[in-house]
Amino acid sequence: MSDKTVKLNNPHLETARSDYLYHLDINVANTRDTSELQNRFGDVRVICMGGTGSRMRQLALHLRHILVVPESGDPVDLCERGNRYAMYKVGPVLCVSHGIGSSSFSVVLHELIKLLKYARCQDPVLLRIGTCGGLGVPPGTVVATKNAFNGLLRNEHEIAILGQRVVRPAQFSEDVIRDIIAFGVDANDGFQTISANTMGTDCFYEGQGRTDGAICEYSEKDKMEFLQKCYDLGIRNIEMEASMFASVTQKVGVKAGDVCVTLIDRLKGDQVTITIDQKHEFEQRPFFVVGRYIKRLLQQ
């Protein structure tokens, strides 16, 4: 069997004798002997991530049914003591919350990738599941991201490191996107699932061109011209995590995908007008798509 474990290009990790994954409340007391972590997490093939702990709990319950995992009772939050993120394990799948935006997500993402390394997980896939604003598609459309654009409409992620501007490409794994569409879509779904580009911004209001924030120094015409530029780049949804998520996973060589459902068509307004019941129903749609994909992946 070939070694498909996660390899990280960080020499400091190789010399560290311990590593406390603080925000997950997982202590790697001895990086030379991670057998305990391998016993707990070594079977993990997929990590699903989403904004809230409650949504990840719902996903865990859904995956129990889809994957026929013989568990009962309330899912156990493995990170409850850390009081920051939630983590549920369903067989070979972890469901983990990441908060709102790239800053919150990047914290748990770094620690989850290190967990995959220490647990020696084979060929893992990371998936983000969430909600977003649509662009020229009806609310309820599920979008699997191809290329992730930042708020400057560049297919990259920008981060300040040691006072320097560092720019990295932001593409998701082509085979993951292909298989999500091939195996995750059912003709009887009653909603559309597409593959398209996504814009991941650092701000929900001004950064996404909304006019209903506490500050707005541009006109409705300016906003619509910006959104049209996005549309012309093949962008069909807007959220706050995709560009960072794509760039980090691409940098470390871990397969990843981003699957979100739209709650609004931004070409028609800024305010979400669907009912709470519709919102809850829409939030389940990526569960169906990702659940089928994961089931097929685990059969390979």
Side-chain angles (χ1 to χ4, degrees), residues 4 6 41 43-51 55-69 71 75 87-98 105 109 112-113 116 121-132 134 137 140-148 170-198 200 236-237 239 241-242 245-246 248-250 252-262 281-300:
K4 295 185 178 180
V6 174
F41 299 106
D43 63 334
V44 170
R45 283 292 314 281
V46 181
I47 299 181
C48 294
M49 295 159 286
R55 192 181 301 162
M56 291 300 98
R57 178 184 173 278
Q58 292 171 358
L59 177 61
L61 291 170
H62 176 75
L63 291 176
R64 275 187 187 178
H65 173 70
I66 293 296
L67 303 179
V68 196
V69 174
E71 297 178 2
M87 177 194 291
Y88 304 97
K89 191 172 188 296
V90 184
V93 182
L94 290 180
C95 301
V96 187
S97 66
H98 63 59
F105 188 9
L109 182 59
L112 285 170
I113 291 171
L116 291 171
C121 299
Q122 295 285 330
D123 198 20
V125 176
L126 303 184
L127 300 172
R128 190 182 100 75
I129 299 168
T131 58
C132 60
V137 296
T141 300
V142 175
V143 182
T145 302
K146 292 192 295 186
N147 295 318
Q171 290 88 33
F172 285 105
S173 311
E174 291 183 8
D175 55 341
V176 173
I177 301 163
R178 180 196 63 228
D179 290 348
I180 286 173
I181 298 297
F183 306 130
V185 177
D186 189 307
N188 299 315
D189 276 337
F191 58 86
Q192 185 181 29
T193 299
I194 64 173
S195 177
N197 295 333
T198 296
R236 294 296 178 269
N237 65 323
E239 40 93 287
E241 294 87 8
F245 183 34
V248 170
T249 52
Q250 187 176 2
V252 301
V254 175
K255 295 178 182 177
D258 197 322
V259 182
C260 293
V261 64
T262 63
E281 190 270 315
F282 286 179
E283 288 176 345
Q284 300 294 312
R285 293 180 176 184
F287 290 7
F288 301 138
V289 174
V290 167
R292 296 185 198 115
Y293 163 73
I294 292 174
K295 183 175 182 179
R296 181 61 176 260
L297 178 70
L298 297 178
Q299 292 171 346
Q300 296 177 356

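Just so we're clear, the structure is a prediction, and the values are computed from it rather than from any experiment.
- The shortest distance between side-chain heavy atoms of Lys89 and Asp43 falls below 4.5 Å.
- Side-chain atoms of Asp189 never come within 3.5 Å of backbone atoms of Phe191 as a donor-acceptor pair (strictly under, hydrogens ignored).
- Contact record, Gly134 with Thr262: CA-CG2, 3.5 Å, taken as the closest heavy-atom pair.
- Within 6.0 Å of atom CD in Glu71, more than 12 heavy atoms from other residues, nucleotides or ligands are found, so the atom counts as buried in its surroundings.
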Practice item. With side-chain contact (heavy atoms from CB on, under 4.5 Å) as the test, would you mind laying out the steps for Val142 and Gln192 before giving the verdict? Key: CA-CA 6 Å; Val142 175; Gln192 185 181 29; over 6 Å; no
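- For the pair Arg296 and Phe183, the cation sits on the ring face: its NZ or CZ lies under 6.0 Å from the ring centre, inside 45° of the axis.
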Review point. Which is it for Val6 and Ile113 under the side-chain contact (heavy atoms from CB on, under 4.5 Å) test, yes or no, and what are the steps along the way?
Key: CA-CA 8 Å; Val6 174; Ile113 291 171; 4.3 Å; yes
Check your understanding: Going through the checks in order, is the side-chain contact (heavy atoms from CB on, under 4.5 Å) test met by Val93 and Leu67?
Key -> CA-CA 10 Å; Val93 182; Leu67 303 179; 3.8 Å; yes
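- Comment: Lys255 engages Asp175 in a salt bridge, judged by a side-chain N to carboxylate O separation of less than 4.0 angstrom.
- Contact of the Gln284 side chain with the Val261 side chain is not registered, since no non-hydrogen atoms from C-beta on lie closer than 4.5 Å.
- Using a 4.0 Å cut-off between charged nitrogen and carboxylate oxygen, Arg292 and Asp179 do not count as a salt-bridge pair.
- Within the 3.5 Å criterion, the main-chain N or O of Gln122 finds a donor-acceptor partner in the side chain of Arg45.
- Of all the heavy atoms in Ile177 and Ser195, the pair that sits closest is CG2-OG, 3.3 Å.
- Legend: residues meeting ring pair (Phe, Tyr, Trp, His ring centres under 6.0 Å) with Phe105, ordered by chain and number and at least two apart, are His98, Phe245.
- The side-chain heavy atoms of Asn237 and Thr141, taken from C-beta on, include no pair separated by under 4.5 Å.
- Among residues two or more places apart in sequence or in another chain, the side chain to side chain contact (heavy atoms under 4.5 Å, CB included) test is passed with Cys121 by Val44, Leu116, Ala119.
- Tyr293 has its side chain within reach of Val125: a pair of non-hydrogen atoms, C-beta onward, lies under 4.5 Å apart.
- Atom CZ of Arg57 sits about 12.0 Å away from atom CG of Leu59, to the nearest 0.5 Å.
- In this structure, CD1 in Ile194 is found 8.0 Å from CD1 in Ile181, a value given to the nearest 0.5 Å.
- Among all heavy-atom pairs drawn from Phe282 and Gly140, the shortest one is CE1-N, 3.6 Å.
- The side-chain heavy atoms of Leu127 and Ile47, taken from C-beta on, include no pair separated by under 4.5 Å.
- Heavy-atom minimum distance, Cys260 versus Cys132: CB-SG, 3.7 Å.
- In this structure, the separation between CG on Leu61 and CZ on Phe287 is 9.5 Å, given to the nearest 0.5 Å.
- At least one donor-acceptor pair closer than 3.5 Å links the side chain of Ser173 to the backbone N or O of Ala256.
- Remark: side-chain polar atoms of Gln171 are not paired, donor with acceptor, to backbone N or O of Asn147 under 3.5 angstrom.
- Taking each heavy atom of Ala148 and Ala246 in turn, the nearest pair found is CB-CB, 4.1 Å.
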Exercise for review: Mind running side-chain contact (heavy atoms from CB on, under 4.5 Å) on Thr193 and Asp186 for me, showing each step along the way?
Suggested key: CA-CA 9 Å; Thr193 299; Asp186 189 307; over 6 Å; no
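- Residues Cys48 and Ile294 are in side-chain contact: their nearest non-hydrogen atoms beyond the backbone lie under 4.5 Å apart.
- In terms of the salt bridge (Lys or Arg N to Asp or Glu O under 4.0 Å) criterion, residue partners of Arg128 (sequence neighbours excluded) are, by chain and number, Glu239, Glu241, Asp258.
- In this structure, Ile180 and Val290 have side chains that are not in contact, with every pair of non-hydrogen atoms separated by 4.5 Å or more.
- Side chain of Thr198 to backbone of Ala242: no donor-acceptor contact under 3.5 angstrom is found.
- Met49 is not listed as a side-chain neighbour of Ile129, based on a closest heavy-atom distance of 4.5 Å or more.
- The closest donor-acceptor contact from the side chain of Arg55 to the backbone of Gly50 lies at 3.5 Å or more, if one exists at all.
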